[in-house]
2 protein chains.
Amino acid sequence: MRTVTTQQPARGSRARGTRQAQALAAALGSMPGFTSAQEIHAELRRKGEQVGLTTVYRHLQALSEAGDVDAIRDDNGEILYRRCETTAHHHHLTCRSCGRSVEVEGKAVEQWSERVATEAGFTEVGHTVELFGLCPDCGS
Amino acid sequence: MRTVTTQQPARGSRARGTRQAQALAAALGSMPGFTSAQEIHAELRRKGEQVGLTTVYRHLQALSEAGDVDAIRDDNGEILYRRCETTAHHHHLTCRSCGRSVEVEGKAVEQWSERVATEAGFTEVGHTVELFGLCPDCGS
DNA sequence: CATAGAAATGATAATGGTTTTCATTTCGGC
DNA sequence: GCCGAAATGAAAACCATTATCATTTCTATG
């Protein structure tokens, strides 16, 4: 085997300091709204970053489980990701046209779901709430 | 060449009266909660009804578009169907364990979503709201 | 009754996003 | 330098859903 001529960066802690992880984080941050794993992967390649699709999926999944990114499903069943701005529980108002999204609080919804569930005798209630519409720019 | 005898667009009386359609409707009605197309198909075969998977999908899709059944996506991206009990807009409180579901009204949610959207300048707002929990039977 | 044309059906193939597999590479520590 | 754990990624597997298309079923009509 040939000698390795140059060693790439990535000094320091491995998991988070990985070249791929950093590139992914950067890409995520540069996206205004929700984007699919595939799109993120494409964006990375466009930027010249070389990251495998598998790695993109793996990191997004990990980030999602860790609560560092939000994940929702669009109508086609694709999973869309977005970097979280707050760690508190929240929902999204997403533009159908451009994908831009706003995080919204949902106190009213939380209370409503609690009440409804209790009335029906349900426990350990969770909920999925997503809003879609046209943002000011795309609206007309 | 003979004159093309125009055929009256056959009424939908057939579509609904089809053996397969009836079997599907019956199966749907016998399921207490949300079920996937695959499960319904399996159930039909179990009953001895011979209905192709394609047909199951086709009918479910048609029924869904017609508003005769509700369709939601579970966490795995699968589409789950359930016969509608009311034609009015409503949401569901579904048991994570047994799949049983209750239809709930969501006036509070409608108003909340309207308000939030307006505040953000969004228009033509739609929403996805699903509640999950443990029903009285499965909860304790 | 025969018959043509339409709708409906369903076996099969294709799609496509996501996950697995597994061999390889990277990197910290000794 | 070397070992082993973690990370990576190309390729294959998965699997629900859709598209294809030949065949069957039904209905109206002559």
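Letters A, B, ... are given to chains in the order of the sequence lines, protein chains preceding strands, and every chain is numbered from 1. Keep in mind the model is a prediction, meaning the values are calculated, not measured.
At the phosphate of C:dT26, neither OP1 nor OP2 sits under 4.0 Å from any side-chain N or O atom of A:Thr18. Here A:His59 reaches the OP1 or OP2 of D:dT8: one of its side-chain N or O atoms lies under 4.0 Å away. OP1 or OP2 of D:dA7 has not a single side-chain nitrogen or oxygen of A:Gln20 nearer than 4.0 Å.
Atom C1' of nucleotide C:dA11 and atom CZ of B:Arg45 are separated by 11 Å, given to the nearest angstrom. Remark: C1' of D:dT17 and CD of B:Glu65 are 14 Å apart, rounded to the nearest angstrom. B:Glu78 places its CD atom 16 Å from the C1' atom of C:dG16, with the value rounded to the nearest Å. The distance between atom CZ of A:Arg19 and atom C1' of C:dT25, rounded to the nearest whole Å, is 11 Å. Atom CG of A:Leu80 is separated from atom C1' of C:dG17 by 12 Å (rounded to the nearest Å). Atom NE2 of A:His41 and atom P of D:dA11 are 12 Å apart (whole Å). Atom CG of B:Asn76 and atom C1' of D:dC15 are 11 Å apart (whole Å). Straight-line distance from the CG atom of A:Leu24 to the P atom of D:dG9: 11 Å, rounded to whole Å.
Using a 4.0 Å heavy-atom cutoff across all strands shown, B:Gln50 reaches sugar-phosphate atoms only and no base atom.
B:Arg73 is linked by a side-chain hydrogen bond (donor to acceptor under 3.5 Å, both in side chains) to nothing, counting only residues two or more places apart in sequence or in another chain. With sequence neighbours excluded, the residues satisfying side-chain hydrogen bond (donor to acceptor under 3.5 Å, both in side chains) with A:Gln38 are A:Tyr57. Residues passing the salt bridge (charged side-chain N to carboxylate O under 4.0 Å, His left out) test with A:Arg46, sequence neighbours excluded: A:Glu43.
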Could you list the donor-acceptor pairs under 3.5 angstrom formed by side chains in residues 116-124 of chain B, with sequence neighbours left out?
| residue | atom | partner | partner atom | Å |
| --- | --- | --- | --- | --- |
| B:Thr118 | OG1 | B:Glu114 | O | 2.7 |

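The stretch residues 29-53 of chain A participates, sequence neighbours left out, in these ring pair (Phe, Tyr, Trp, His ring centres under 6.0 Å) pairs: A:Phe34-A:His92.
Looking only at atom types and distance, the side chain of A:His89 has a donor-acceptor partner in the side chain of A:His127 under 3.5 Å away. A donor atom on one side chain and an acceptor atom on the other are not found under 3.5 Å apart for A:Arg100 and A:Thr94.
Closest approach to the A:Gln38 side chain among C:dT9, C:dT18, D:dG9 is made by C:dT18 (side chain taken as heavy atoms from C-beta onward).
Judged by closest nucleotide on DNA chain C, B:Val51 is the one of A:Arg73 and B:Val51 placed further toward the 5' end.
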Below 3.5 Å is the cut-off: list the nitrogen or oxygen pairs between protein and nucleotides 18-21 of chain D, distance only.
| residue | atom | partner | partner atom | Å |
| --- | --- | --- | --- | --- |
| D:dT18 | OP2 | B:Gln61 | OE1 | 3.3 |
| D:dA19 | N6 | B:Thr54 | OG1 | 3.4 |

